[in-house]
Chemist: 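Quick one: this structure, given as structure tokens, is what I'll be asking you about.
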Amino acid sequence: MNSDNNIQLLYELNAKDAKLDFAIRQAEQQLAGVNKKLQMLWHDLVLSVAVVILPLIVYLLCRSIRVFLVMAFCTVLKGVYLMALPLMLYQLAKAVRLLKLNREDAADYEEPTKLGTLRDKQPEREPSYRAEQKKLICILTRYYLNKDTLGQIRRQITESDSCTMTSAELYYQLSSLTFYEEVRPAQESEGKTGDGTVRLLFPSFIIGLIYALYVWGII
């Protein structure tokens, strides 16, 4: 096999290798991002529990101190706590729901879609962070195998003194390497961001109003 043909083979091989490297970097970056989101779920739960419990503890401790400023602080703290309670409970329930949804044993994922697959609509987002993570791991595992295959082909071209591979044979081997469509990131929750918070503003306002009327002795 002459050197000119080897150069042509390596050019085609390098082009496919560059495409694979880009796909691997893209999937690895997305996987790192979703892994961080999964770790933050526990932090969100701890924070939500702390936000619900700590003000209550502070209130109970301060209530026993019979000093005017402290008593006034307790009154204000109780009002703010009661007004914020619906939102705090909503955030706590949301954190618990997301943790349950993203359990390791509860996440199923569909087979990754091959690049170039004909479809009549845009692929849907993954149902959970865990499903997104598992699909990315599946894709990366196959990409790493593709990387090994390209390494074997490269050695076959460069290390053999009598390489007889043709462009057609190389094309056949390269075309057997599968690439996948990008995995659409999972949504944190259904609906528009902030919808739950907006719906809780009214009950929070009513609670605050009732508490203010109670403090003022009107009711």
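As a basis for the values below, the full set of heavy atoms in this structure was taken, side chains included, without hydrogen atoms, waters or symmetry mates. Given the structure is predicted, the values throughout are model-derived calculations rather than measurements. Throughout, residue positions are numbered sequentially from 1 according to the sequence presented.
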Chemist: Think K114 forms a cation-pi with F179, using NZ or CZ under 6.0 Å from the six-ring centre and within 45 degrees of its axis?
Modeler: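 Geometry flag: not set, cation outside 6.0 Å or 45°.
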Chemist: Between D44 and K94, does at least one N-O distance fall below 4.0 Å, as a salt bridge requires?
Modeler: no
Chemist: Are I137 and L38 connected into the same hydrophobic cluster when the rule is that any two of I, L, V, M, F, W, Y join if their side-chain heavy atoms are below 4.5 Å apart?
Modeler: yes
Chemist: Side chains of L177 and L20: does their closest heavy-atom pair fall under 4.5 Å?
Modeler: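 No - every pair of side-chain heavy atoms lies 4.5 Å or more apart.
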Chemist: For E181 and P112, indicate whether the former's side chain and the latter's backbone hold a donor-acceptor pair under 3.5 Å.
Modeler: no
Chemist: Does any non-hydrogen side-chain atom of L115 lie less than 4.5 Å from one of T178?
Modeler: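 Sidechains of L115 and T178: no contact.
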Chemist: Could you tell me whether K135 and E126 have a side-chain N and a carboxylate O separated by less than 4.0 Å?
Modeler: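 Counted as a salt bridge, because a side-chain N and a carboxylate O are separated by less than 4.0 Å.
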Chemist: So do M71 and I65 actually touch side chain to side chain, heavy atoms under 4.5 Å?
Modeler: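 I65 vs M71: side chains apart.
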Chemist: I'd like to check R130 versus V34 (side-chain heavy atoms, cut-off strictly below 4.5 Å). Are they in contact?
Modeler: no
Chemist: Between the side chain of N102 and the main-chain N/O of L98, is any donor-acceptor distance below 3.5 Å?
Modeler: yes
Chemist: Could you check whether any side-chain N or O of R125 sits under 3.5 Å from a backbone N or O of P185, counting only pairs where one atom can act as donor and the other as acceptor?
Modeler: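 Yes.
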Chemist: Is there a side-chain contact between V76 and F73 in this structure, where contact means two heavy atoms from C-beta onward sitting under 4.5 Å apart?
Modeler: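 Result no, sub-4.5 Å side-chain heavy-atom pair not found.
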Chemist: Assess whether atom CD of Q8 is packed by more than 12 heavy atoms of other residues, nucleotides or ligands within 6.0 Å.
Modeler: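 Yes - once you tally the heavy atoms of other residues, nucleotides and ligands closer than 6.0 Å, there are more than 12.
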Chemist: Counting only heavy atoms not in Y171, do more than 12 fall under 6.0 Å of its OH?
Modeler: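 No - once you tally the heavy atoms of other residues, nucleotides and ligands closer than 6.0 Å, there are 12 at most.
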Chemist: Backbone N or O of M88 within a donor-acceptor pair of the Q91 side chain at under 3.5 Å?
Modeler: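 Side chain of Q91 to backbone of M88, a donor-acceptor pair under 3.5 Å: no, none is there.
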